[in-house]
Amino acid sequence: MSMSFDDTNKYNFFDLFPFAVLNPQIALLSYLKVGEKMAQQPKKMEAAQQDLLDRLLELQKNFVKEICKDDDEKNCIDLEYNKNEKKFEDNPFENHPVMKFSKKFHETVSDWLLDTLDDVENVDDRTMHSAKFFLKQYIDLMSPKNFPFLNPTFLQTTMDTYGENIRNGLDLLLNDMRNGTITTNDRSKFKIGENIATTPGKVIYQNDLIELIQYSPTTEKVYEKPILFVPPWINKFYILDLTPETSFVKWLVDKGFTVFMISWVNPDKRHRNKGFGNYIVEGLIDSIDKIQEVTNTKSLHTLGYCVGGTLISSLLAYLASPNCARRPKAKIESATLLTTLLDFDQAGDMAIFMAENYLDAINAQLHERGYLDGQIMFNTFSTLKANDMIWRYFVDSYMLGKKPIAHEILFWNSDPTNLTEAMQKFLSKDLYRDNLLKTGALKVLNVPLNLKLIDTPLYMISMQKDHLVPWKATFDGMKLFNSKIRFVLGGSGHVAGSINPPQRNKYCYWVNDEMIDDAEKWFETATKFAGSWWSDWLKWITPMMGEMITPKPIGKSLRNAPGIYVNNQIEEFENKNKEK
């Protein structure tokens with residue numbers, strides 16, 4: 001029996017396999033191409049086989065020494081598991097020879113597989129990236145900790161609880177199978193508007209794509225020029241307004257900033273034709289016009305997170321074109337691009353999911369529903385960090401029977417947003433596959449976008465361990481502009497490094513006042529500072545914020561922040577339109 005992804009009346013890959021965000025055809029195609037190159041290099045493969053045999057013989061020799069040695073013998077090679085892995089809790093099973101051998105065997109074979117793949121010549125970069133990605137997925141899957149009788153913590157817990165963990169784990173597994181996803185967070189501990197996204201404000205404007213939030217001032221004086229936050233449309237906006245202790249919005253409001261926030265709608269089939277141009281006009285331009293109306297400002301500042309920064313960059317390129325026909329009423333005086341990708345040739349592991357076979361499966365759902373289910377996006381992002389977002393919970397939940405704890409970032413991460421059909425096709429083809437923004441072939445409202453025409457001051461901040469937007473890719477993307485740019489590299493990853501309040505004194509950041517073309521050389525000569533990049537950004541933007549003035553009270557509004565779109569409500573807006 002054959003299955004066609006085009007036969008949407010009968011089959012839908014993601015309906016049948018909600019966990020299976022990795023299409024096996026992509027992995028198979030990658031390995032067929034690599035295997036073909038390997039077959040053309042027989043001497044290398046012969047050497048690789050001998051290398052594996054040597055490594056296994058060395059492992060066997062050391063293992064025999066380990067289990068047979070006298071207490072006084074000190075010449076045995078340490079069989080301790082890879083130090084980069086978290087150690088299992090100390091228990092009687094941990095030092096059992098079988099446990100130690102399984103860990104060391106996995107480490108030895110894994111290292112050999114990766115080394116052998118690296119040694120294959122004449123493989124194009126895209127195929128090699130894909131092959132390495134799927135190999136690492138397989139290595140993570142086969143870790144001994146994922147197998148009950150090779151995991152000492154599971155064995156000890158089973159003895160301690162008389163098997164209660166197994167029953168609890170099965171309950172959690174069945175629940176996740178019903179929901180079609182792995183539970184990573186106790187969502188019952190958070191409620192949007194009560195202990196998440198609680199910074200006071202009002203929704204002052206709404207259309208069928210956005211709600212525009214204006215946050216209430218908390219200081220006697222505020223800066224003259226407001227700032228507009230543009231979050232990614234593939235996530236909820238409140239990553240920038242989590243708990244009061246971690247809220248970037250609250251931190252700025254308390255320092256005298258007038259902050260506006262776009263809250264994107266969670267689209268359904270009614271939005272299927274809303275594309276990139278709609279998001280620029282109805283999202284950004286309409287927001288700027290409304291901000292100018294309520295503040296009477298001549299200019300404002302913008303901050304875009306992830307693809308929100310891509311959207312701002314595209315708008316700036318559109319406005320810089322002599323053929324621009326639709327201008328906002330206020331000028332964008334600066335743009336902060338927070339973990340923003342512009343050169344999609346270097347899209348990191350996300351590029352794996354832009355292969356044609358994967359997109360065929362996606363298009364089946366798009367054709368049927370008119371949007372891509374946000375759960376697919378969540379599962380995809382989880383796969384990119386499988387050890388942290390899949391196997392960790394596979395062990396803790398299903399084997400140890402422990403319910404996930406509450407965490408605000410994981411709460412946000414598991415609150416997915418759908419993607420319109422038009423926007424999904426734009427992201428996957430125009431940006432990731434064809435890289436049209438870099439080449440200048442991308443058009444908005446029939447105007448080609450040339451990033452070189454932009455002369456707006458830019459602050460670009462990337463994260464050293466970002467797996468979604470590699471920092472070297474954002475560094476190279478900086479070369480697409482003709483603006484005065486301050487490039488900063490933060491510590492940690494895509495989310496944790498971005499949401500890093502100074503009072504926590506966590507992580508670090510690097511700056512380099514000398515403009516160097518090469519990312520590695522830039523880093524080698526950069527200066528490292530302890531703490532949060534927020535403080536550096538504040539010093540950069542403050543001189544451009546204008547005079548301190550008495551804040552105007554928020555005028556006519558539709559409802560209190562955080563609004564209705566963040567809770568996936570659309571009906572209220574539609575009913576008002578019908579009444580009109």
Side-chain angles (χ1 to χ4, degrees), residues 19-22 27 52 55-56 59-60 62-63 66-67 77-115 117 132-177 181-186 349 379 381-405 407 410 413-414 465 467 493:
F19 283 95
V21 297
L22 292 179
L52 176 61
R55 296 189 194 199
L56 292 178
L59 172 63
Q60 181 190 43
N62 293 321
F63 178 68
E66 178 73 16
I67 62 175
I77 295 179
D78 189 9
L79 288 179
E80 183 181 355
Y81 192 35
N82 188 340
K83 295 182 186 298
N84 293 326
E85 290 281 348
K86 294 180 179 178
K87 292 183 178 180
F88 293 120
E89 296 176 11
D90 188 24
N91 64 61
F93 295 101
E94 186 175 1
N95 292 317
H96 192 280
V98 173
M99 301 296 173
K100 300 182 80 171
F101 181 82
S102 66
K103 298 174 201 175
K104 193 64 180 180
F105 180 83
H106 177 261
E107 179 187 338
T108 300
V109 175
S110 299
D111 288 346
W112 175 81
L113 286 169
L114 291 169
D115 290 344
L117 188 59
K132 284 183 179 180
F133 174 80
F134 285 106
L135 177 57
K136 289 176 181 177
Q137 294 289 320
Y138 175 74
I139 288 172
D140 290 344
L141 165 66
M142 298 305 294
S143 173
K145 66 185 178 183
N146 298 331
F147 295 87
F149 293 105
L150 294 177
N151 186 324
T153 306
F154 168 78
L155 295 173
Q156 184 64 50
T157 303
T158 302
M159 289 184 61
D160 292 342
T161 65
Y162 299 97
E164 187 73 14
N165 59 305
I166 298 177
R167 189 183 75 174
N168 293 339
L170 286 173
D171 288 342
L172 294 171
L173 174 61
L174 291 173
N175 184 66
D176 283 355
M177 291 179 68
T181 188
I182 295 176
T183 301
T184 61
N185 185 58
D186 183 359
D349 289 340
N379 289 343
F381 290 134
S382 296
T383 303
L384 294 176
K385 293 193 70 175
N387 261 339
D388 291 333
M389 298 302 298
I390 296 178
W391 301 119
R392 171 187 173 185
Y393 296 99
F394 177 85
V395 172
D396 286 352
S397 297
Y398 309 150
M399 290 167 57
L400 304 184
K402 298 189 299 185
K403 292 183 178 181
I405 62 174
H407 192 286
L410 292 178
N413 188 59
S414 61
K465 298 180 181 179
H467 66 293

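Computed from heavy atoms alone, side chains included, the values below leave out hydrogens, waters and symmetry copies. These figures come from a predicted structure and were not determined experimentally.
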Chemist: Kindly indicate whether the side chain of T383, heavy atoms from C-beta on, has any atom under 4.5 Å from the side chain of M389.
Modeler: no
Chemist: With the side chain counted from C-beta on, respond yes when S143 and N146 share a heavy-atom pair under 4.5 Å apart, and no when they do not.
Modeler: yes
Chemist: Is the shortest side-chain heavy-atom distance between T184 and P404 below 4.5 Å?
Modeler: no
Chemist: Looking at R55 and D115, is any side-chain nitrogen of the basic one under 4.0 Å from a carboxylate oxygen of the acidic one?
Modeler: yes
Chemist: Give, for atom CG of D186 and atom OG of S414, the distance between the pair rounded to the nearest 0.5 Å.
Modeler: 10.0 Å
Chemist: Quick check: do N168 and K403 have side-chain heavy atoms less than 4.5 Å from each other?
Modeler: no
Chemist: Calculate, to the nearest 0.5 Å, the distance between atoms CD and OG1 belonging to Q60 and T108 respectively.
Modeler: 12.0 Å
Chemist: Could you give the distance from NZ (K145) to CG (L150), rounded to the nearest 0.5 Å?
Modeler: 13.5 Å
Chemist: Looking only at non-hydrogen atoms, find the nearest pair between Q137 and A386 and report the distance.
Modeler: OE1-CB, 3.7 Å
Chemist: Could you go step by step and tell me if D111 and E107 meet the side-chain contact (heavy atoms from CB on, under 4.5 Å) rule?
Modeler: CA-CA 6 Å; D111 288 346; E107 179 187 338; 3.8 Å; yes
Chemist: Measuring only between side-chain heavy atoms, which start at C-beta, is K104 closer than 4.5 Å to L59?
Modeler: yes
Chemist: Decide side-chain contact (heavy atoms from CB on, under 4.5 Å) for N413 and N185; before the verdict, give the C-alpha distance in whole Å, the side-chain angles of both, and the deciding distance to 0.1 Å.
Modeler: CA-CA 9 Å; N413 188 59; N185 185 58; over 6 Å; no
Chemist: Would you call F149 and L155 a side-chain contact if the rule is heavy atoms closer than 4.5 Å?
Modeler: yes
Chemist: Measure the CZ-CG distance between F394 and L400 for me, rounded to the nearest 0.5 Å.
Modeler: 10.5 Å
Chemist: Using the side-chain contact (heavy atoms from CB on, under 4.5 Å) rule, take F154 and N165 through it: C-alpha gap first, then chi angles, then the decisive distance, then the call.
Modeler: CA-CA 9 Å; F154 168 78; N165 59 305; 3.6 Å; yes
Chemist: Would you say the side-chain atoms of N387 pair up with the backbone N or O of R392, donor to acceptor, closer than 3.5 Å?
Modeler: no
Chemist: Got a second to check how far Y393's OH is from S382's OG, nearest 0.5 Å?
Modeler: 9.0 Å
Chemist: Does any part of the side chain of K385, heavy atoms only, come nearer than 4.5 Å to the side chain of D388, both counted from C-beta?
Modeler: yes
Chemist: Backbone N or O of I139 within a donor-acceptor pair of the H106 side chain at under 3.5 Å?
Modeler: yes
Chemist: Run the side-chain contact (heavy atoms from CB on, under 4.5 Å) test on I166 and Y398 for me, step by step, so that the C-alpha distance in whole Å, both residues' side-chain angles and the decisive distance to 0.1 Å come before the verdict.
Modeler: CA-CA 7 Å; I166 298 177; Y398 309 150; over 6 Å; no
Chemist: Just so I know, are the side chains of F147 and M142 near enough to count as touching, which here means a heavy-atom distance under 4.5 Å?
Modeler: yes
Chemist: Does the side chain of T183 pick up a donor-acceptor pair with the side chain of D176 at under 3.5 Å?
Modeler: yes
Chemist: Which distance, rounded to the nearest 0.5 Å, do you find between the NZ of K136 and the CG of L117?
Modeler: 9.5 Å
